[in-house]
Amino acid sequence: MTKQQLEQFAEQLFAQAVPNLPKMTERQKTTTMLLAKGLTTEEVGEAMGIKYNGSHCHVKAVYEKLGVQNRAQLVLRLVVASQAGKEVQA
């Protein structure tokens with residue numbers, strides 16, 4: 001999977017998951033999307049035009065809000081939220 005494909009997948013996943021996630025600020029939504037795209041905390045800060053300490057605080061707030069401890073759990077939480085209410089076929 002190319003980086004562009006990963007970014008497109010993350011955007012689609014996030015769009016499907018948002019209605020089933022806890023209420024988040026716009027900054028938290030942006031942070032979540034950037035993390036789902038695979039950006040590091042430093043890269044999140046650069047993309048948002050803020051310093052590392054600021055991005056670290058946003059990442060920490062997103063983790064707490066979603067009840068996760070790392071990026072892998074965050075993506076899994078998005079996958080589960082994107083499937084909420086859909087019938088799962090075996």
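Please read these numbers as outputs of a predicted model, since none were measured by experiment.
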Tell me whether E43 contacts the main-chain N or O of T40 through its side chain, where contact means a donor paired with an acceptor under 3.5 Å. yes

Spatial distance of atom [atom1] ([X]) from atom [atom2] ([Y]) [nearest 0.5 Å]:
X   : Y   : atom1 : atom2 : value
R27 : S55 : CZ    : OG    : 10.0 Å
K65 : H58 : NZ    : NE2   : 12.0 Å
Q28 : E64 : CD    : CD    : 10.0 Å

Are any non-hydrogen side-chain atoms of T2 and Q5 less than 4.5 angstrom apart? yes

Regarding T32 and R77, do their side chains bring together a donor and an acceptor under 3.5 Å, going by distance alone? no

Connected to M48, directly or through other members, by ILVMFWY side-chain contacts below 4.5 Å are F9, L13, F14, V18, L21, M24, M33, L34, L35, L39, V44, I50, V59, V62, Y63, L66, V68, L74, V75, L78, V79

Step-by-step side chain to side chain contact (heavy atoms under 4.5 Å, CB included) determination, K37 to E11: CA-CA 8 Å; K37 288 182 174 185; E11 289 171 8; 2.9 Å; yes

Answer yes or no: are there more than 12 heavy-atom neighbours, outside Q8 itself, under 6.0 Å from its atom CD? yes

